[in-house]
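Before any comments, here is the structure.
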Amino acid sequence: MPDHAISPTRAQDYPEWYQQVVRAADLAEQSPVRGCMVIKPHGYAVWERMQGILDRMFKETGHQNAYFPLFIPLSYLEKEAQHVEGFAKECAVVTHHRLELGPDGKLIPTGKLEEPLVVRPTSETIIGAMYAKWIQSWRDLPVLINQWANVVRWEMRPRLFLRTSEFLWQEGHTAHATKEEAVEETLRMLDVYATFAERDLAMPVIRGPKTAGERFPGAVDTYSIEALMQDGKALQAGTSHFLGQNFAKAQEIKFASQTGQEEYCWTTSWGVSTRLIGAVIMTHADDDGLVLPPRIAPAQIVILPIHRTDEEREAVLACCRQLAADLAATRFGDEPLRVKIDSRDMRGGDKVWQHVKQGVPLRVEIGPRDLAAGAVSVSRRDRGPKERVSMPLAQFVAEAPTLLAELQAGLFEKARAFRDERSVRLDSQAEVLDFFAETGDKAGRSGFAHVHVADDPAVTALLDPLKVTVRCIPMDGPDEPGTCIVTGKPVSRRSVLARAY
RNA sequence: CGGGGCGUAGCGCAGUUGGUAGCGCGCCUGGUUUGGGACCAGGAGGUCGUGAGUUCGAAUCCCACCGCCCCGACCA
């Protein structure tokens, strides 16, 4: 057996490594439908963890869930000009509503629709149409709604979790009486995403507004959280849009103000998707497979009974059940510990490696020797796959939450250290060209470049050939005035440049 | 949609002067093992991506289509 569970390693072939991790961890696989994935139970369990935490955060910030249709009348998308431009090309369109059996046994679509239906690429238009009916008075505001849904974007180059034709996400859509309130909402949700990414996914992110070219079609401002993956490429992990009155005007979302004036609403939308699973993989996974931060791990601890004879089996299993019960009575991150006993009848080595590849944070082995000593053998996913530490059973129960907290914090620190190591401040075009050079030592080893650039086509012209984009203009930390390295225009802070997924 | 590569057992692959399918891992059974991705023996599993063609005969040759991967344009 090779040194690593995953082949090739990250260093050998990063894109292939990614796919092998997804497969080895049994997260998802390609479906017979082009560009669409099947999310398998383990992958879906991770998504459910993310959903659970985010949903609670949305509710805590005053939002309610609702559900809107999968199909959007074509005419709805035509209303907002910029929006059409952004989405028109990549949509699935339903044109027929019946199938008839042809003479050759083939099914033929018939029953042409009067108006084609677009499978939602995002739901601003259909939700806006409903808001227009629901909102009459300032007393109806704000409207704070989220929906968990699937959307379809006919992407040219799909990749499991990162870019699939259909993906799962949540989309929040809010309407407000004032600009200030809507902007505040936009930033509040950006903050929710950043907190979730850093606290739960252990993934450091940079947040900030996008440049004009990178904006969501129809938005006044788009904010994103950006994370750095292990291959030095950036991943946009969540977005929050201030839509101004653009959609409200296009869709007649109006209300009577306190002074009796008819006014347009100010709206926002914000979303994160199953792409976050890809983000977790590319942030934490190693050459032995997935590494799950404890807070989003479906099982935080797996207990592995080791036994030979039937008598041993009984005694060991009894001990495992007791341990599982004791751990489940303990709390980590405001929730009971999630523990699983894996008593499947298979070779121990295989079983251990499965859990390694699936990213379970803690593995606990209990065999006759441990039983006799009143001890357990503990392995951490952030250490070598063969490392084990023996400790008294009672001590493990007491310290399990601390161990998990340590693991969670350790993953974050490691990711942050990696990001810092791959982050530079550059002050000239030459330095930028050198940093993103694709030859020599630097091949594929780029990262975040903090640079003074203006929001200007001349900047894009410089970056395009490098396949580099302005990810966002970081909003944390103080202003740092400077001049654009391309145009010489004064700018108040540095932007983050990177290659991106 | 453009350029390149590739589709043979669940996975990884071999199989070119065209002769009717194999290896490793995995899976099932039995045995020996056992704090570690074991060993031995036996077994199951494939209309060789799909369709049409050349041929007595096609996984091998020709054509079309579909899909996957990498590089672009697009993108949560």
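None of the values given here were measured: they were computed from a predicted structure. Residue numbering restarts at 1 for every chain, and letters A, B, ... go by the order of the sequence lines.
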Atom pairs under 3.5 Å, N or O on each side, protein against nucleotides 38-41 of chain B: can you list them with distances?
| from | atom 1 | to | atom 2 | distance (Å) |
| --- | --- | --- | --- | --- |
| B:A38 | OP2 | A:Arg347 | NE | 2.7 |
| B:A38 | N7 | A:Arg347 | NE | 3.1 |
| B:A38 | N7 | A:Arg347 | NH1 | 2.7 |

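No contact: A:Gly271 has no heavy atom under 4.0 Å from any strand. Across all strands, A:Pro368 comes closer than 4.0 Å to base atoms (heavy-atom distances). A:Ser390 comes within contact range of no nucleotide atom at all, as no heavy-atom separation falls under 4.0 Å. Here A:Arg369 lies in heavy-atom contact (under 4.0 Å) with a base. Within 4.0 Å of A:Thr274, counting heavy atoms only, lies no atom of the nucleic acid at all. Within the 4.0 angstrom heavy-atom criterion, only backbone atoms of the sugar-phosphate kind lie near A:Gln19; the bases stay farther away. In this structure, A:Gln354 reaches neither bases nor backbone, as no heavy-atom distance under 4.0 Å exists between it and the strands shown. Using a 4.0 Å heavy-atom cutoff across all strands shown, A:Leu162 reaches at least one base atom of the nucleic acid.
In this structure, A:Asp345 places its CG atom 12 Å from P of B:C27, rounding to the nearest Å. The CG-C1' distance, from A:Leu466 to B:C71, rounds to 16 Å in whole Å. Whole-Å rounding puts the A:Arg159 CZ to B:G72 P distance at 11 Å. The nearest whole Å value for the distance from the CE atom in A:Met346 to the C1' atom in B:C27 is 12 Å. Summarising the geometry, the separation between NZ on A:Lys467 and P on B:C74 is reported as 13 Å, rounded to the nearest angstrom. The CH2-C1' distance, from A:Trp353 to B:G35, rounds to 15 Å in whole Å. When the C1' atom of B:A76 is taken as reference, atom CD of A:Glu166 falls 14 Å away, rounded to whole Å. Rounded to whole Å, the distance from NZ on A:Lys357 to C1' on B:C11 is 11 Å.
Taking a pair to require two hydrogen-bonding distances under 3.5 Å in either a Watson-Crick or a G-U wobble arrangement, B:C6 pairs with B:G67. Applying the Watson-Crick and G-U wobble criteria (two distances, each under 3.5 Å), B:G72 pairs with B:C1. Of the nucleotides present, B:U29 is the one that pairs with B:A41 by Watson-Crick or G-U wobble criteria, both distances under 3.5 Å. With a 3.5 Å ceiling on both atom-pair distances, the Watson-Crick or G-U wobble partner of B:C23 is B:G12. Figure legend. B:U55 is base-paired to no nucleotide; pairs are counted as Watson-Crick or G-U wobble with both atom distances under 3.5 Å.
To the nearest whole angstrom, the two P atoms, one in B:A21 and one in B:G46, are 13 Å apart. With both ends at atom P, the span from B:G24 to B:A41 equals 11 Å, rounded to whole Å. To the nearest whole angstrom, the two P atoms, one in B:G45 and one in B:A38, are 26 Å apart. Between B:U17 and B:U55, the two C1' atoms lie 16 Å apart (nearest whole Å).
Contact check, A:Lys351 against B:G37: no side-chain N or O comes under 4.0 Å of OP1 or OP2. Contact check, A:Gln170 against B:A76: no side-chain N or O comes under 4.0 Å of OP1 or OP2.
Using a cutoff of 4.0 Å between basic side-chain nitrogens and carboxylate oxygens, A:Lys210 and A:Glu226 are scored as salt-bridged.
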Give the table of side-chain donor-acceptor pairs shorter than 3.5 Å for residues 301-321 of chain A, with sequence neighbours excluded, one pair per line with atom names and distance.
| from | atom 1 | to | atom 2 | distance (Å) |
| --- | --- | --- | --- | --- |
| A:Thr309 | OG1 | A:Glu312 | N | 3.2 |
| A:Glu312 | OE1 | A:Arg308 | N | 2.7 |
| A:Glu312 | OE1 | A:Thr309 | N | 3.4 |

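Contact between A:Gln230 and A:Phe418 at its shortest, heavy atoms only, is O-CZ, 3.3 Å.
Mapped onto RNA chain B by nearest heavy atom, A:Gly348 and A:Leu160 fall at different nucleotides, with A:Gly348 at the one closer to the 5' end. Across the interface with RNA chain B, nearest-nucleotide mapping of A:Arg275 and A:Pro15 shows A:Pro15 to be the residue nearer the 5′ end.
Annotation: side chain of A:Leu497 is not in contact with side chain of A:Phe448 (no heavy-atom distance under 4.5 Å). Taking 4.5 Å as the limit, every side-chain heavy atom of A:Trp270 sits out of range of all side-chain heavy atoms of A:Phe216. At a threshold of 4.5 Å between non-hydrogen side-chain atoms, the residues A:Glu29 and A:Met37 do not count as touching.
Residue A:Thr239 holds its OG1 atom at 10.5 Å from CD of A:Glu171, rounded to the nearest 0.5 Å.
Using a 30° and 60° split on the angle between ring planes, A:Phe167 and A:Trp169 fall in the perpendicular class, above 60°. Ring geometry, A:Trp266 versus A:Phe242: the interplanar angle falls under 30°, so the pair is classed parallel (tilted spans 30 to 60°).
The list of salt bridge (Lys or Arg N to Asp or Glu O under 4.0 Å) pairs with a residue in residues 456-465 of chain A, not counting sequence neighbours, reads A:Asp456-A:Lys489.
The ring of A:Trp169 does not lie on top of the base of B:A76; it is either too far (5.5 Å or more) or too tilted (30° or more).
The base of B:C75 sits within donor-acceptor range of the side chain of A:Arg163, with an N or O pair under 3.5 Å.
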